[in-house]
Amino acid sequence: MALTVSHRCQHIAPSMTLAIDARAKEMKAAGLDVVGFGAGEPDFPTPQHICDAAKQALDQGMTRYTPASGTLLLKNAICNKLWRDNGLSYDPSDIIVSSGAKHSLFTVFQAIIDPGDEVLIPTPCWVSYPELVRMAGGVPVFVPSREENDFIPTSEDIQKALTIRTKAIVITSPSNPCGGVWSSDQLQFVADLAVDRGLYVVSDEIYEKLLYDGRWHVSIAQLGEEIKKQTFVINGMSKAYAMTGWRIGYTAGPYEVIKAMGSFQSHSTSNPNSVAQYASAVALNGDQSCVEEMRQEFQRRRDMIVDRINGIEGISCNKPHGAFYVMLNIKELIGRRHHGQHITGSMDFASMLLKNKQVAVVPGVAFEAEGFCRLSYATSVEQITKGMDRIAEFVSEVEPPIGGVWPLNRA
Ligand code: PMP
Ligand code: GLU
């Protein structure tokens, strides 16, 4: 037998968000003054009371296996959270805790997808969804959206993508990479469609706490008992509590599937980290003011980065209403040259910016969004100022189109 890599693994692309972040961190470690707008990771330390809870867990010897699907203590805390924040009533047996929301999504797709099943993914989309679907043998079907619609697909576009093989639809609100927030009406359309056609909804709510301009979060599962039975609510500790490294995510959903996910998980990772589970229960049950403090700071940074971008000729962006990303529209720059080198697309833009100005951004191609780059503003005001100064300098060095006048005056 040849010593080959399986077909399944040969075709999996590495996570570009993580790769760019690793590259930026490597450059920093080598002494370069890199500004990282790459990874979507809060720059705040995990709040002290959560760290203290972890220390307490260690001191109390919570260092053994827990039930594979998570401790009852944490499942109860999740049920309380879902009731308190979302008005959703779940039993602990409807909950599974996994090693980060990415792993929650992985396990959901493993549990619901058979080979050839199609999953609708609105684009621009987070890098991992298509690969997670493919890893389960499914087929990602992209549903395009437009910048003028805040990157939320229209009902016509969703309907056009449906086939008899459609098994599920992914909703990410607030969204990564665009920061778009689905309205209740838009969610209601998906809910009605899903109930009517018998589709699962995978509702990724990891950015639920990061909403701006007085908006509040609506989970599609809130829209009625029927849709709740077909929905997987995915959430986790990474973004709201600045706990990316702790690796705790969770899924609430229909009991039979959650049970199957538990069996699957019991043979793959076993339980998520025991100490992190205890600390997560304390985070969910405790004072939530740390979450609000971080949200306010993100909003301040969003306002600042959006103003800076829209003040530079040649690039622009929408004002996102949630998460901590902004989609930089670079369409006016594509096809032009920077110091003689052609910018053929978002990949070139990102790599030239990193090489020439030491600013890391993620090219839109990673999110099925050519013509854009994603900037994460989960970084300090000083870093945002420095990074935007460098981007302005880079853009000013891009040559005008042959025979044309550029930068355009967009006043
Ligand atoms: N969903 C979305 C939309 C994300 O941006 C992330 C960030 N990595 C995740 C899920 C996974 O988060 P984690 O695995 O850190 O809980
Ligand atoms: N979700 C973050 C991002 O999009 C973290 C990296 C990842 O898990 O892909 O940058």
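Whatever order the structure lists them in is the order used to number ligands and atoms, beginning at 1.
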Report yes or no: does Ser238 have a heavy atom closer than 4.0 Å to ligand 1? yes
Between Val362 and ligand 2, which part of the residue brings a heavy atom under 4.0 Å of the ligand: side chain, backbone, both or neither? neither
Using heavy atoms and a 4.0 Å limit, tell me yes or no: is Glu41 in contact with ligand 2? no
Of the side chain and backbone of His103, name the one, both, or neither that has a heavy atom under 4.0 Å from an atom of ligand 1. neither
I want to check something: taking the side chain as every heavy atom from C-beta on, are Phe109 and Val170 in contact at a cut-off of under 4.5 Å? yes
Which residue holds the protein heavy atom closest to atom 4 (C) of ligand 1, what is that atom called, and what is the gap in Å? Tyr207 OH, 3.6 Å
Please state which part of Met237 comes within less than 4.0 Å of ligand 1, counting heavy atoms only: side chain, backbone, both or neither. neither
Any N/O of Gly40 closer than 3.5 Å to an N/O of ligand 2? yes
Heavy atoms only: which of Ile206, Val170, Leu18 is nearest to atom 12 (O) of ligand 1? Ile206
Which atoms of ligand 2 have any heavy atom of Ala39 under 4.0 Å away? 10 (O)
Contact between ligand 1 and Tyr250 is defined here as a heavy atom of the residue under 4.0 Å from a ligand atom; is it met? no
Would you call Lys25 and Glu41 a salt bridge, using N to O less than 4.0 angstrom? yes
Would you mind running through ligand 2 and noting each atom that sits below 4.0 Å from a heavy atom of Lys102? 7 (C), 8 (O), 9 (O)
Thinking salt bridges, do Lys386 and Asp33 make one under a 4.0 Å N-O criterion? yes
Ring centers of Tyr325, Tyr207 separated by less than 6.0 Å: yes
Using a heavy-atom cut-off of under 4.0 Å, does the side chain or the backbone of Thr244 touch ligand 2, or both, or neither? neither
May I ask you to say whether Asp213 pairs ionically with Lys319, meaning some side-chain N is under 4.0 Å from a carboxylate O? no
Has Arg247 got any heavy atom lying under 4.0 angstrom from an atom of ligand 1? yes
Tell me whether Lys81 is salt-bridged to Glu208, with the criterion being a basic N under 4.0 Å from an acidic carboxylate O. yes
Taking C-beta and beyond as the side chain, do Asn329 and Ile315 meet within less than 4.5 Å on heavy atoms? no
Heavy-atom distances under 4.0 Å decide this one: backbone, side chain, both or neither, for Phe367 against ligand 2? neither
For ligand 1, which atoms sit closer than 4.0 Å to a heavy atom of Gly100? 14 (O), 16 (O)
Please give me the minimum heavy-atom distance between Ile220 and Ile227, naming the atom from each residue. O-CG2, 3.5 Å
Hey, looking at atom 3 (C) of ligand 1, which of Asp204, Asn235, Ile248 has the closest heavy atom? Asp204
Location of contacts on Phe324 toward ligand 1, heavy atoms closer than 4.0 Å: neither
Taking only non-hydrogen atoms of Tyr129 and a 4.0 Å limit, the atoms of ligand 1 in range are 3 (C)
Is Lys209 close to Asp85 at the side-chain level, that is, under 4.5 Å between some pair of heavy atoms? yes
Taking Arg308 first and then Asp389, would you say they form a salt bridge - that is, a charged N and a carboxylate O separated by under 4.0 Å? yes
Could you list which atoms of ligand 1 come closer than 4.0 Å to a heavy atom of Asn176? 3 (C), 4 (C), 5 (O)
Going by heavy atoms, is Ser15 under 4.0 Å from ligand 2? yes
Ionic contact status for Glu118 with Lys167, cut-off 4.0 Å: no
Tell me, please: is Lys239 in heavy-atom contact with ligand 2, that is, under 4.0 Å? yes
State plainly whether the residues Arg301 and Glu297 are in salt-bridge range, i.e. N to O under 4.0 Å. yes
To the nearest 0.1 Å, how far is atom 7 (C) of ligand 1 from its closest protein heavy atom, and which atom is that? Lys239 NZ, 2.8 Å
Check this for me: does any side-chain nitrogen of one of Lys102 and Glu131 sit under 4.0 Å from a carboxylate oxygen of the other? no
In the protein, which heavy atom is nearest to atom 6 (C) of ligand 2, and how far is it? Leu18 CD2, 3.4 Å
Measure the distance from atom 11 (C) of ligand 1 to every protein heavy atom, then report the residue, atom name and distance (to 0.1 Å) of the closest one. Lys102 N, 3.6 Å
What is the nearest protein non-hydrogen atom to atom 6 (C) of ligand 1, stated with its residue, atom name and distance? Trp126 CZ2, 3.6 Å
Report the nearest protein non-hydrogen atom to atom 9 (O) of ligand 2: residue, atom name, distance rounded to 0.1 Å. Thr17 OG1, 2.6 Å
I'd like to know if Arg197 pairs up with Asp192 as an ion pair, taking the criterion as any Lys NZ or Arg NE/NH1/NH2 lying under 4.0 Å from an Asp or Glu carboxylate oxygen. no
Name the closest protein heavy atom to atom 16 (O) of ligand 1, giving the residue it belongs to and the distance to 0.1 Å. Ala101 N, 2.7 Å
Taking the side chain as C-beta and beyond, is there a heavy-atom pair between Gln288 and Arg84 under 4.5 Å? yes
Do the side chains of Lys55 and Asp59 get close enough for a salt bridge, i.e. N-O under 4.0 angstrom? no
